[in-house]
There are 2 protein chains.
Amino acid sequence: MLHYPQEEPSFAVALSTSLVLFGFDGNNLQVLLAKSKRAPYDGALFLPSRYLNENEELMLSARKMFKQLFGYEDPTMIEQLQAFGKVFRHPGGRVINVAHYALVRKSDFQASNWDENDMQWVPFTQIPDLAFDHNEIVQYAKERLKRRVKRRPVGFRLLPDEFTLGQLQVLYETALEKTFDKRNFRKKLFKTTLLIDLEKKADGRADGQHKGSQLFSFNKEKYQKMKIQGYDFLF
Amino acid sequence: MLHYPQEEPSFAVALSTSLVLFGFDGNNLQVLLAKSKRAPYDGALFLPSRYLNENEELMLSARKMFKQLFGYEDPTMIEQLQAFGKVFRHPGGRVINVAHYALVRKSDFQASNWDENDMQWVPFTQIPDLAFDHNEIVQYAKERLKRRVKRRPVGFRLLPDEFTLGQLQVLYETALEKTFDKRNFRKKLFKTTLLIDLEKKADGRADGQHKGSQLFSFNKEKYQKMKIQGYDFLF
DNA sequence: GGGGATAGTGTAACATTTTCAAAAATTCGG
DNA sequence: CCGAATTTTTGAAAATGTTACACTATCCCC
């Protein structure tokens with residue numbers, strides 16, 4: 001029998017939100033994790049998470065957490081993944097965890113209370129056993145990221161404002177776990193007309209050595225217009 | 001400050017699951033809706049929903065609902081969409097609704113308690129104002145369906161075991177809200193090698209009139225093998 | 001057996017993707 | 001300052017995939 005809205009619900013569940021935060025260090029996609037100081041997961045890593053206050057919006061809770069971690073408000077790109085409710089049962093009752101994910105430029109963030117929570121970036125190919133059901137959440141987030149990267153130019157959110165095509169290619173190869181032909185990659189990116197040639201070169205000495213490469217930025221305004229008309233980034 | 005798992009949660013939320021059930025009648029994709037008999041939404045349509053019993057799995061709750069509605073267990077294809085928690089607040093407290101969706105062959109189901117709940121199929125292009133935040137959920141489900149239809153041959157789950165290419169094309173055109181050239185559609189489908197030619201014809205007299213068309217079924221076993229190797233159905 | 005309606009079929013133009021290698025720019029060390 | 005090493009940049013040809021397009025075949029009904 002369907003019992004909605006005829007039946008009475010039992011208000012006995014607690015809500016938490018977790019954030020899968022992806023950052024990029026130039027070679028690896030990384031996930032931000034905290035270290036637990038409490039039984040039964042003492043010492044284990046887990047996703048940044050918080051319990052919801054009464055009547056707090058799910059997304060707002062995720063945004064608050066983001067701000068606590070990085071000191072600035074992320075304007076748009078937090079997305080809900082799913083509700084996860086299988087594994088973790090708090091001694092006091094059931095907890096449903098609503099997981100979100102976000103992409104950050106590592107060049108942007110300011111660590112604030114990271115020491116206190118013993119937080120660290122972990123390469124997403126080397127995630128250890130996590131507390132609660134957080135491995136399942138990270139796995140789900142990786143798949144979502146892969147899909148998003150294919151259809152939307154989210155990759156740009158992981159790089160500094162000025163980047164080289166080489167960096168962009170490494171990012172896409174890392175996220176999609178495949179390699180691209182360099183010439184084809186550049187062709188495809190130029191065809192989008194979403195790259196702005198900054199007409200200056202990165203300092204060769206600074207990163208590796210040798211020939212400095214052209215710097216580009218992402219034409220966000222143009223993309224906004226194209227998106228409205230149903231543009232697919234397409235990889 | 002992150003307060004997880006250090007802080008104490010408050011167990012004051014109720015959980016419900018809703019199901020967006022898509023069926024196909026040969027011309028329209030439809031969504032199964034029930035009619036509310038209670039204020040403040042008396043008379044309004046809403047998605048089949050139920051409150052979770054304590055410690056019941058989210059997916060299990062969705063499956064129970066499915067069985068209540070159709071009298072059989074759907075083996076696989078129920079998928080969680082998201083948690084929705086914005087709009088509806090029960091007088092007794094907060095309710096978080098975890099929405100799922102599923103695809104059904106309308107030829108399979110046995111209506112059981114439908115009259116009692118005043119249930120009806122509604123074409124998904126003509127969904128009226130629904131109770132709670134269920135319009136938002138249906139919208140989300142439609143987008144998910146579109147994405148799934150493109151990458152996975154879920155369309156076959158909406159047709160009878162034996163179907164014609166014409167039926168299949170109408171289904172894809174409806175779900176993706178675009179039209180296909182008949183010859184190109186057939187070419188693409190044959191190239192997948194996932195169609196089994198049943199070497200018999202539909203009875204022309206039965207549906208419309210005129211020339212009876214070839215019947216096909218979907219090669220599920222072959223698809224399972226191809227899926228493991230990372231096959232994308234691709235539209 | 002003729003008219004009406006839907007099923008079924010192939011080809012050519014066009015677009016996209018893939019494959020592949022050599023030259024130009026810069027740094028470093030001697 | 002020059003040569004070796006390293007990285008960036010660039011294009012053309014072949015293969016593959018996509019799109020556009022119109023007539024014949026079959027069956028039912030009258």
Side-chain angles (χ1 to χ4, degrees), chain A residues 26-27 149-151 153 159-160 162-174 176 178-217 226 230-235, chain B residues 25-27 149-151 153 159-160 162-174 176-217 226 230-235:
Chain A
N27 282 304
V149 163
K150 281 188 191 176
R151 299 268 147 225
L159 290 174
E162 308 190 340
F163 52 84
T164 69
L165 283 179
Q167 292 176 302
L168 192 59
Q169 182 168 350
V170 172
L171 171 58
Y172 272 86
E173 290 180 340
T174 306
L176 297 174
K178 62 183 286 197
T179 59
F180 295 99
D181 177 273
K182 208 181 342 176
R183 272 177 286 197
N184 297 336
F185 184 84
R186 298 166 91 86
K187 230 183 297 177
K188 183 174 270 185
L189 267 294
F190 286 138
K191 206 172 46 178
T192 65
T193 69
L194 289 172
L195 289 177
I196 300 168
D197 187 335
L198 296 174
E199 292 176 4
K200 62 180 176 179
K201 303 212 167 207
D203 187 358
R205 266 164 304 196
D207 11 61
Q209 304 343 49
H210 316 299
K211 185 176 177 180
S213 37
Q214 198 63 235
L215 287 171
F216 294 88
S217 69
M226 290 166 76
Y231 169 72
D232 253 2
F233 194 63
L234 135 91
F235 259 86
Chain B
D25 73 351
N27 283 304
V149 163
K150 281 189 191 176
R151 301 267 149 223
L159 291 174
E162 309 191 340
F163 52 84
T164 69
L165 283 179
Q167 291 175 302
L168 192 59
Q169 182 169 351
V170 172
L171 172 57
Y172 272 86
E173 290 180 340
T174 307
L176 296 174
E177 296 179 287
K178 61 185 284 197
T179 59
F180 295 99
D181 176 272
K182 203 184 348 174
R183 275 176 285 195
N184 297 335
F185 184 84
R186 298 166 91 86
K187 230 183 299 176
K188 183 174 270 186
L189 267 293
F190 286 139
K191 206 172 44 179
T192 65
T193 69
L194 289 172
L195 289 177
I196 300 168
D197 188 335
L198 296 173
E199 290 176 5
K200 61 181 179 181
K201 304 212 168 207
D203 188 357
R205 268 164 301 195
D207 8 62
Q209 309 339 50
H210 319 297
K211 185 177 178 178
S213 37
Q214 198 63 236
L215 287 172
F216 295 87
S217 68
M226 291 166 74
Y231 169 72
D232 252 2
F233 194 62
L234 128 98
F235 257 86

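Every chain is numbered from 1, with letters handed out A, B, ... down the list of sequences. Treat the numbers as computed from the prediction; the structure is a model and nothing was measured. Hydrogens, waters and symmetry mates are skipped; everything else that's a heavy atom, side chains included, is used.
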Contact letters for nucleotides 12-21 of chain D, in which S counts primed atoms plus P, OP1 and OP2 and B counts the base, heavy atoms under 4.0 Å: B-----SBBB
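Atoms CG (A:Asp197) and C1' (D:dT9) sit 12 Å apart, rounded to a whole Å. When the P atom of C:dG8 is taken as reference, atom CG of B:Leu168 falls 12 Å away, rounded to whole Å. Between the P atom of D:dT8 and the CZ atom of A:Phe185 lies a distance of 13 Å, rounded to the nearest Å. Look at NZ on B:Lys201: it is 11 Å from P on D:dC28, rounded to the nearest Å. Atoms CD (B:Gln167) and C1' (C:dT6) sit 13 Å apart, rounded to a whole Å. Protein atom CG of B:Asn27 is 12 Å distant from nucleotide atom P of C:dT6, rounded to whole Å. In this structure, CZ of B:Arg186 is placed 8 Å from P of C:dA7, rounded to the nearest angstrom. One can place CG of B:Leu189 at 13 Å from P of C:dT9, the figure rounded to the nearest angstrom.
Residues A:Lys182 and B:Phe190 each lie close to DNA chain C; by heavy-atom proximity, the contact nearer the 5' end of the strand is made by B:Phe190.
For the pair A:Lys188 and A:Phe235, the distance from NZ or CZ to the six-membered ring centre is under 6.0 Å and the angle to the ring normal is within 45 degrees.
The closest donor-acceptor contact from the side chain of A:Glu173 to the backbone of A:Phe180 lies under 3.5 Å.
Under the side chain to side chain donor-acceptor pair (under 3.5 Å) criterion, B:Thr193 pairs with B:Lys222, sequence neighbours left out.
Atom-to-atom distance recorded for A:Met226:CE and A:Thr192:OG1 is 6.5 Å, nearest 0.5 angstrom. Between atom CG of residue B:Leu198 and atom OG1 of residue B:Thr164 there is a gap of 11.5 Å, rounded to the nearest 0.5 Å. To the nearest 0.5 angstrom, A:Leu195 atom CG is 11.0 Å from A:Gln214 atom CD.
For D:dT26, its base never sits under 3.5 Å from the side chain of B:Lys211 at any donor and acceptor pair.
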